[in-house]
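When reading the values below, keep in mind they use all heavy atoms of this one structure, side chains included, and skip hydrogens, waters and symmetry mates. Remember, predicted model here, so these are calculated numbers, not experimental data. In listed order, ligands and their atoms are each counted from 1.
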Amino acid sequence: MYNEIDLDIIDINSELPAEEPSRQYYFMAKCRRWVKDFEQKNGRFPKACVTTFGCQMNARDSEKLTGILENIGYQVTDSEEADFVIYNTCTVRENANNKVYGRLGYLNAYKKTHPHMKIALCGCMMQEPHVAQRIQKSYPFVDLVFGTHNLYKFPELLASALEADKMVIELWEGTEQIVEELPVERKYTFKSGVNIMFGCNNFCSYCIVPYVRGRERSRSPKDILREVKQLARDGVVEIMLLGQNVNSYGKTLKEPITFAELLTEIEKIDEIKRIRFMTSHPKDLSLELIRVMASSKKICNHLHLPMQSGSSRILEKMNRRYTKEQYLDLAGRLREAIPHLSLTTDIIVGFPGETEEDFEDTMDVVRKVGFDSAFTFIYSKRTGTPAASMEDQIPEEIVKNRFDRLLREVQEISAQRAKRLTGQVRTILVEEVNSHDPSLVTGRLGNNSVVHIPGDASMIGTFVDVTLEECKGFYYYGKPITTA
Ligand code: SAH
Ligand code: SF4
Ligand code: F3S
């Protein structure tokens with residue numbers, strides 16, 4: 001508790017700073033006073049739990065929330081039986097929302113026996129007006145609601161919620177501001193996500209993200225490089241550059257820079273040994289990027305390239321701005337230029353108007369490309385997106401049937417591809433002690449596959465050369481190479 005930052009030197013009786021992030025540090029100091037009072041009264045520090053529901057960007061935001069809570073003095077735990085619980089929500093598909101509503105019921109039950117408890121909701125789901133209305137009407141026991149654009153104001157909002165006896169709610173429609181430089185508690189010491197851009201301008205017709213994350217904004221390369229260098233000094237060896245569409249990074253900056261150029265700059269930072277990125281939109285993937293990936297020693301041989309559908313007709317209705325042939329061509333070029341590339345994807349089944357023939361086109365691309373792995377999703381209708389009002393929504397039984405067929409195909413192909421590495425020697429970065437078997441540690445190959453090897457906690461964060469002895473479909477058992 002009371003992490004790193006010396007909040008005690010901030011005088012909370014002085015004038016409130018107007019500038020960010022100083023203003024938020026002031027409120028962190030204020031919240032710390034509250035925590036100290038709590039400790040005196042209860043003989044313990046208050047506990048806080050941050051639950052992440054969404055993607056890597058959502059997870060990165062959770063690290064910021066955690067960093068702030070720890071600095072204030074909360075004891076952060078994984079248990080929701082805590083004094084402060086915050087749900088960082090996702091709304092990309094309906095089931096993400098349902099999960100949140102379901103779990104709020106449990107939290108309410110716990111709060112009834114622990115009335116001092118505070119419950120907060122933030123993240124993408126809160127940016128939808130109908131959600132915020134429902135929370136206000138049907139979940140009055142929630143204490144704090146905020147969205148994606150004002151996440152950096154968490155200390156200020158928390159300070160209000162700790163004092164208020166009714167729901168504090170602050171939601172912004174959008175922002176131009178990028179406020180970083182607030183505390184972050186990284187989940188891993190040796191690897192970290194780094195936001196390079198926020199929002200999305202693509203408006204794929206099924207997708208809610210542009211509505212809840214706002215317009216695309218790139219961070220300046222200077223700020224990104226400063227953050228990566230700082231992470232490197234802190235012992236980070238692997239970074240994951242994050243954005244909804246990293247291939248369009250930099251286009252809107254005053255001094256435009258391409259994503260490939262940014263990668264080249266990051267490659268120069270000695271201590272960083274592995275570079276990953278997420279997500280790439282096929283329409284913006286440049287030949288320059290393929291060249292940079294092919295010649296890089298640090299960019300991992302993994303590319304996540306969501307295709308969504310293999311049918312040009314459906315891709316057009318999805319507003320993806322590429323065709324089946326263009327996707328196949330791109331996949332071919334990538335495989336040719338980058339040896340051992342692991343190509344993974346996202347696929348949506350049951351988009352409005354999808355015929356059996358369209359679905360067969362998807363299966364065809366799956367077979368032709370031979371994805372190393374694929375996330376398959378059943379189309380979920382998102383209120384306010386163009387696809388939600390399209391005619392010809394597909395009946396559930398048909399979608400389910402196609403989904404099962406696709407999943408079988410995808411799993412068979414990825415198992416076959418994974419087998420090809422059996423017996424080979426590769427390097428893993430060890431990430432954690434295996435949760436099922438403590439005599440094993442678990443790491444990842446450059447291509448992102450998981451490998452379990454005998455070992456102990458002292459190996460976490462180190463690179464180990466291993467023989468991949470046995471392939472279990474989508475993961476391996478391996479053995480460290482011992483050098484004489
Ligand atoms: N920006 C990324 C994806 C972000 S959302 C990209 O464009 O690739 C992650 C995945 O969720 C998408 O790739 C898509 O496959 C899926 N998805 C998004 N909206 C969806 C919806 N309405 N129904 C089902 N799946 C959806
Ligand atoms: Fe959604 Fe498309 Fe943007 Fe990805 S690129 S976040 S799928 S709108
Ligand atoms: Fe979900 Fe928001 Fe990410 S909707 S997928 S958490 S950007």
Side-chain angles (χ1 to χ4, degrees), residues 51-65 87-100 121-128 131 147-149 151 193 195-217 241-249 277-285 303-310 314-315 317-322 327 330 343-352 354 362 371 373-390 393-394 399 402-403 406 410:
T51 308
T52 304
F53 286 83
C55 62
Q56 262 125 339
M57 270 157 277
N58 191 249
R60 181 69 179 154
D61 286 345
S62 290
E63 292 186 343
K64 294 178 186 168
L65 298 170
Y87 282 177
N88 191 8
T89 62
C90 168
T91 186
V92 77
R93 285 170 291 274
E94 188 62 31
N95 52 8
N97 293 41
N98 292 339
K99 237 191 274 171
V100 169
L121 300 173
C122 67
C124 293
M125 194 176 148
M126 299 305 123
Q127 290 294 141
E128 290 186 275
V131 172
T148 54
H149 303 296
L151 181 116
N195 289 317
I196 63 165
M197 60 203 299
F198 301 90
C200 180
N201 285 352
N202 285 322
F203 290 96
C204 301
S205 64
Y206 51 82
C207 183
I208 192 91
V209 171
Y211 303 88
V212 296
R213 286 267 166 182
R215 292 295 64 71
E216 190 178 293
R217 301 171 311 279
L241 305 175
L242 297 172
Q244 291 297 353
N245 179 14
V246 292
N247 295 324
S248 75
Y249 169 77
F277 52 86
M278 265 269 196
T279 302
S280 289
H281 194 303
K283 80 176 164 60
D284 295 314
L285 196 140
L303 186 70
H304 188 64
L305 191 66
M307 91 159 173
Q308 314 300 3
S309 168
I314 294 293
L315 285 168
K317 288 178 73 179
M318 287 177 159
N319 192 29
R320 290 290 288 179
R321 286 171 274 174
Y322 53 87
Y327 190 93
L330 190 56
L343 205 51
T344 61
T345 200
D346 292 345
I347 303 169
I348 298 176
V349 180
F351 184 83
E354 183 188 74
T362 297
F371 291 109
S373 111
F375 294 106
T376 49
F377 304 109
I378 287 181
Y379 166 71
S380 170
K381 194 171 170 175
R382 310 312 293 129
T383 311
T385 61
S389 50
M390 284 181 190
Q393 304 278 330
I394 311 290
V399 180
R402 287 182 191 158
F403 182 82
L406 175 66
V410 157

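Short contacts between ligand 3 and Asn58, defined as distances under 4.0 Å to a heavy atom of the residue, involve ligand atoms 6 (S). In the vicinity of Cys55, heavy-atom distances shorter than 4.0 Å reach the ligand 3 atoms 3 (Fe), 5 (S), 6 (S), 7 (S). For ligand 3, the atoms sitting less than 4.0 Å from at least one non-hydrogen atom of Gly54 are 6 (S), numbered in the order shown with element in parentheses. Shown in contact with Cys124 at under 4.0 Å from a heavy atom are these atoms of ligand 3, numbered in order with element: 2 (Fe), 4 (S), 6 (S), 7 (S). Distances below 4.0 Å separate heavy atoms of Phe203 from the following atoms of ligand 2: 8 (S). Heavy-atom contacts of Arg320 reach the following atoms of ligand 2: 2 (Fe), 7 (S) (cutoff under 4.0 Å).
Residue contacts with ligand 3 for Met57 are absent, since no atom lies close enough (heavy atoms, distance under 4.0 Å). Only the side chain of Pro210 comes within 4.0 Å of ligand 2, counting heavy atoms alone; its backbone N, CA, C and O stay farther away. Here Gln244 has side-chain heavy atoms under 4.0 Å from ligand 3, and that is the only part of it that gets that close. Residue-level proximity to ligand 2 for Tyr206 is carried by the side chain, the only part with a heavy atom below 4.0 angstrom.
Scanning all protein heavy atoms for the shortest distance to atom 3 (Fe) of ligand 2 gives Cys200 SG, 2.3 Å. Cys207 SG, 2.3 Å is the protein heavy atom nearest to atom 1 (Fe) of ligand 2. The nearest heavy-atom contact from the protein to atom 8 (S) of ligand 2 is Cys204 N, 3.4 Å. Cys90 SG, 2.4 Å is the protein heavy atom nearest to atom 1 (Fe) of ligand 3.
With respect to the salt-bridge test (charged N to carboxylate O, under 4.0 angstrom), the residues Arg213 and Asp61 qualify.
Listed for the Arg215 side chain is a donor-acceptor partner under 3.5 Å among the backbone atoms of Cys200. Side-chain N or O atoms of Thr345 include one that pairs as donor or acceptor with a backbone N or O of Leu305 at under 3.5 Å. Thr376 places no side-chain N or O within donor-acceptor distance of the main-chain N or O of Phe403, the cut-off being under 3.5 Å. Formation of a donor-acceptor pair under 3.5 Å by the Arg382 side chain with backbone atoms of Ile208 is not found in this model. With Asn319 contributing its side chain and Ser205 its backbone, the two residues share no donor-acceptor pair below 3.5 Å. Asp284 places no side-chain N or O within 3.5 Å of a backbone atom of Ser248 that could act as its donor or acceptor partner. Within the 3.5 Å criterion, the main-chain N or O of Glu94 finds a donor-acceptor partner in the side chain of Ser380.
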(message) Set out, in order, the CA-CA distance, both residues' side-chain angles and the distance that settles side chain to side chain donor-acceptor pair (under 3.5 Å) for Ser309 and Glu354, then state yes or no.
(response) CA-CA 10 Å; Ser309 168; Glu354 183 188 74; 5.2 Å; no
(request) Apply the test ring-ring contact (aromatic ring centres under 6.0 Å, His included) to residues Tyr211 and Phe203: give CA-CA distance (whole Å), side-chain angles for both, the deciding distance (0.1 Å), then the verdict. (result) CA-CA 8 Å; Tyr211 303 88; Phe203 290 96; 5.3 Å; yes
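For ligand 1, the protein residues within 4.0 angstrom (heavy atoms only) are Val92, Arg93, Tyr206, Gln244, Thr279, Pro306, Gln308, Arg320, Asp346, Ile348, Phe377, Ile378, Tyr379, Ser380, Arg382.
Partner of Pro282 under the side-chain contact (heavy atoms from CB on, under 4.5 Å) criterion, chosen from Gln308, Met307, Arg320, Arg321: Arg320. Partner Asn202 forms a side chain to side chain donor-acceptor pair (under 3.5 Å) with one of Glu216, Gln244, Lys283 and no other, that one being Lys283.
If you check each of Val209, Asn202, Thr385 against atom 5 (S) of ligand 2, the one with the closest non-hydrogen atom is Asn202. Of the listed residues (Asn97, Leu242, Thr91), the one carrying the non-hydrogen atom nearest atom 4 (S) of ligand 3 is Thr91.
In this structure, the side chains of Thr344 and Phe371 stay at 4.5 Å or more apart for every pair of heavy atoms.
Between the side chains of Asn97 and Thr91, at least one donor-acceptor pair of N or O atoms lies under 3.5 Å.
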